[in-house]
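Worth saying up front: this structure is predicted, and the values here are computed from it rather than measured. We number each residue from 1, following the sequence as shown.
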Amino acid sequence: QVQLVESGGGLVQAGGSLRLSCAASGSPLGVYGLGWFRQAPGKEREFIASINSSGRDTSYADSVKGRFTISRDNAKNELYLQMNSLKPEDTAVYYCAGALTLISSMFLTTASKYDYWGQGTQVTVSS
């Protein structure tokens, strides 16, 4: 099975940018659909973005469209989330997740689709 570890979180001012990474080990990422989720204090885990196994299609939550970009480098076994124009409401623990599937990213927008999860990385956006 695949193991996932997030990194790149931290403290940033509103309007700033961060790039999160998710490193995989134990299995090649090329056969996994991948996603990013976040969980803020007092809220349920929320879908952010997904990408299919080849990286040919992506899906985004309305709240981050135009600001966040999901990408992957299967040769490096890594997943990324570029976060621009950050807002205080983006403050949360961010998780990467994987699903052993070739389906489109449009079917990878719910947590129940994923079998493997990282431990999360904290992102804090100050006003």
* Does a donor on one side chain and an acceptor on the other come within less than 3.5 Å for N52 and S104? -> no
* In terms of hydrophobic clusters joined by side-chain contacts under 4.5 Å, are Y114 and L29 together? -> no
* Is there a path of hydrophobic side-chain contacts, each under 4.5 Å between heavy atoms of I, L, V, M, F, W or Y residues, that connects F68 with Y95? -> no
* To do: Verify, without hydrogens or angle tests, whether T91 (side chain) and V125 (backbone) share a donor-acceptor contact under 3.5 angstrom.
  => yes
* Show your working on side-chain contact (heavy atoms from CB on, under 4.5 Å) between M83 and V123 and close with a plain yes or no. => CA-CA 10 Å; M83 308 165 66; V123 172; 4.1 Å; yes
* Ring centers of F47, Y60 separated by less than 6.0 Å -> no
* Please tell me if the side chains of V31 and S53 come closer than 4.5 Å, counting only heavy atoms from C-beta onward. => no
* **Linked, directly or transitively: L100 and W36 (ILVMFWY side chains, under 4.5 Å)** => yes
* Structure fact -> Between the NZ atom in K113 and the OG1 atom in T101, the distance rounded to the nearest 0.5 Å is 9.0 Å
* Locate the shortest heavy-atom distance separating S59 from S105; write the atom from each residue and the value. => OG-OG, 2.9 Å
* So which heavy atom on L18 is nearest to which on L86, and how close? -> N-CD1, 3.9 Å
* To do: Walk me through it: do L11 and Q122 pass the test side-chain contact (heavy atoms from CB on, under 4.5 Å)?
  => CA-CA 8 Å; L11 176 65; Q122 177 71 48; over 6 Å; no
* Can you list the steps and then say if T124 with V12 is a side-chain contact (heavy atoms from CB on, under 4.5 Å)? -> CA-CA 6 Å; T124 302; V12 65; over 6 Å; no
* Mind checking whether Y116 and I48 sit in one hydrophobic cluster, side chains of I, L, V, M, F, W, Y counted as touching below 4.5 Å? -> yes
* To do: Answer yes or no: is there a donor N or O on one side and an acceptor on the other, between the side chain of Q39 and the main chain of V93, under 3.5 Å?
  => no
* Below 6.0 angstrom between ring centroids: does that apply to W117 and F37? -> yes
* To do: Starting at CG of L81, measure out to SG of C22 and round the result to the nearest 0.5 Å.
  => 10.5 Å
* Interatomic distance, S21 atom OG to L79 atom CG [nearest 0.5 angstrom] -> 8.5 Å
* Asked: Any donor and acceptor pair, going by atom type alone, linking the side chain of E6 with main-chain N or O of T121 inside 3.5 Å?
  -> no
* To do: Kindly indicate, with the supporting measurements, whether the criterion side-chain contact (heavy atoms from CB on, under 4.5 Å) is fulfilled by S27 and Q1.
  => CA-CA 6 Å; S27 185; Q1 62 178 323; over 6 Å; no
* **OG-CG distance between S54 and N74, expressed to the nearest 0.5 angstrom** => 8.0 Å
* Atom pair OH/CG of Y32 and L4 - distance to nearest 0.5 Å -> 8.5 Å
* To do: Might you confirm whether atom CD of Q119 has over 12 heavy atoms from other residues, nucleotides or ligands at distances under 6.0 Å?
  => no
* Structure fact -> Closest heavy-atom pair, S17 versus N84, reported as atoms and distance to 0.1 Å, is OG-OD1, 2.8 Å
* Rounded distance [0.5 Å steps], CD1 in I70 versus CG in L34 -> 7.0 Å
* Distance-only side-chain donor-acceptor flag, E78 / Y80, under 3.5 Å -> yes
* Asked: According to the salt bridge (Lys or Arg N to Asp or Glu O under 4.0 Å) rule, which pairs have a member within residues 26-53, sequence neighbours left out?
  -> R38-E46, R38-D90
* Could you tell me whether the side chain of R67 and the main chain of S85 form a donor-acceptor pair under 3.5 Å? => yes
